[in-house]
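Naming convention: chains lettered A, B, ... in sequence-line order (proteins, then strands); numbering from 1 in each chain.
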Amino acid sequence: MPELPEVETVRSGLEPLLVGREISAVSCFRQQLRYPLPDFSGVVGQRIEAVARRSKYLLFQLDGGQTLVWHLGMTGQFHLLSKQSEKGLHEHVSIELSDGHSLRYRDARRFGYAGLIVTDEIEAHPWFASLGPEPLSELFNCDHLFAVCQGRKAPIKTVIMNAASVVGVGNIYAAESLFRAGIHPARAAGKISKKRLALLTDVIRQVLNEAIEAGGSTISDFVNAEGKPGYFSHAFQVYGREGAPCLCCTKKIKRMVQAGRSTFYCPCCQH
DNA sequence: AAATGAACCTGTTTGC
DNA sequence: TGCAAACAGGTTCATT
């Protein structure tokens with residue numbers, strides 16, 4: 001489900017609802033999601049100081065010096081319930097807050113995962129140690145992308161989707177960015193001029209910012225913390241539009257498979 | 001070393 | 001209509 005704009009939408013929605021609240025209990029309805037769930041007993045009585053994000057991870061910073069790290073996988077969702085209620089379909093964890101609210105984690109496919117990490121050790125943790133820069137930060141610039149692509153024969157699409165190059169760019173935004181930059185998704189990364197990579201850098205930032213503004217992209221099931229969908233899917237120019245006319249040249253949008261994922265592109269506008 | 005494909009799961013859509 | 005195959009926003013691991 002979520003790429004960077006969707007995770008950011010969830011983060012900004014949860015932040016005002018959770019910061020300052022204290023965790024009074026945690027119940028797990030199964031032992032593991034993608035990985036075994038952490039032992040939550042130590043978080044009871046701790047207050048949530050901040051809700052942050054790194055890459056596609058949500059970071060619930062607790063006042064005891066630990067951070068609850070959560071990845072939503074493909075179908076993970078958080079919902080804040082105001083009343084006690086039965087476990088809903090595909091709900092796996094319930095975090096009770098001292099004000100009576102209940103934060104539920106729901107995830108049909110269970111590709112999501114969570115960990116409890118000492119806040120000062122997050123950057124060194126295996127989930128974070130080899131991550132590239134945030135695409136909306138100064139660290140992600142033309143020089144960086146050029147260095148990453150240098151000498152690589154891999155297709156540019158798989159390079160920008162690799163979190164070691166830059167984080168947060170998933171299948172949708174990779175396709176949309178390459179279309180806007182006029183770059184063919186299968187082009188070898190090392191064969192793209194620095195000038196065109198500079199354009200790609202700008203366009204990735206633009207696309208992600210626009211998607212955040214729109215509250216993310218909902219294809220079938222993404223919803224924010226209030227249960228509402230995002231609207232960026234209406235702005236897709238290539239993703240999911242196989243056979244439909246290119247909005248630029250009117251030729252048919254094509255679909256190909258790269259590294260096991262669908263790629264949508266215009267064979268006329270992208271080189 | 002680097003790139004592809006399978007695996008982890010369930011739900012929904014597509015095609016015969 | 002029914003059933004099976006294909007496909008889905010992510011990441012890691014094993015295999016070329």
(message) Please report the interatomic distance CD1(Ile172(A)) to CZ(Phe264(A)), rounded to the nearest 0.5 Å.
(response) 9.5 Å

(message) If you assign Arg109(A) and Tyr113(A) each to the DNA chain C nucleotide with the nearest heavy atom, which residue ends up on the more 5' nucleotide?
(response) Arg109(A)

(request) Write down the distance between CZ (Phe111(A)) and P (dC8(B)), rounded to a whole number of angstrom. (result) 9 Å

(message) Let's test this: given Watson-Crick or G-U wobble pairing with both distances under 3.5 Å, identify the partner of dG9(C).
(response) none

(request) Could you measure between the two C1' atoms, the one in dG9(C) and the one in dA3(B), and give it in whole Å? (result) 23 Å

(message) Can you measure His92(A) atom NE2 to dC9(B) atom C1' for me and round it to whole angstrom units?
(response) 10 Å

(message) When the P atoms of dG11(B) and dT11(C) are compared, how many Å lie between them, rounded to an integer?
(response) 22 Å

(message) Counting only Watson-Crick pairs (N1-N3 plus N6-O4 or O6-N4) and G-U wobbles (N1-O2, O6-N3), all under 3.5 Å, who is the partner of dC9(B)?
(response) none

(request) Consider only side-chain N and O atoms of Ser94(A) and Ser102(A), and report whether a donor and an acceptor are under 3.5 Å apart. (result) yes

(request) Let me know, please, whether Leu89(A) or Gly260(A) comes out on the 5' side of the other along DNA chain B by nearest nucleotide. (result) Gly260(A)

(message) Distance check, rounded to the nearest 0.5 Å: Arg54(A) atom CZ versus Leu131(A) atom CG?
(response) 5.0 Å

(message) Of the listed nucleotides (dA3(B), dG11(B), dG9(C)), which one gets closest to any side-chain atom of Asn171(A)?
(response) dG9(C)

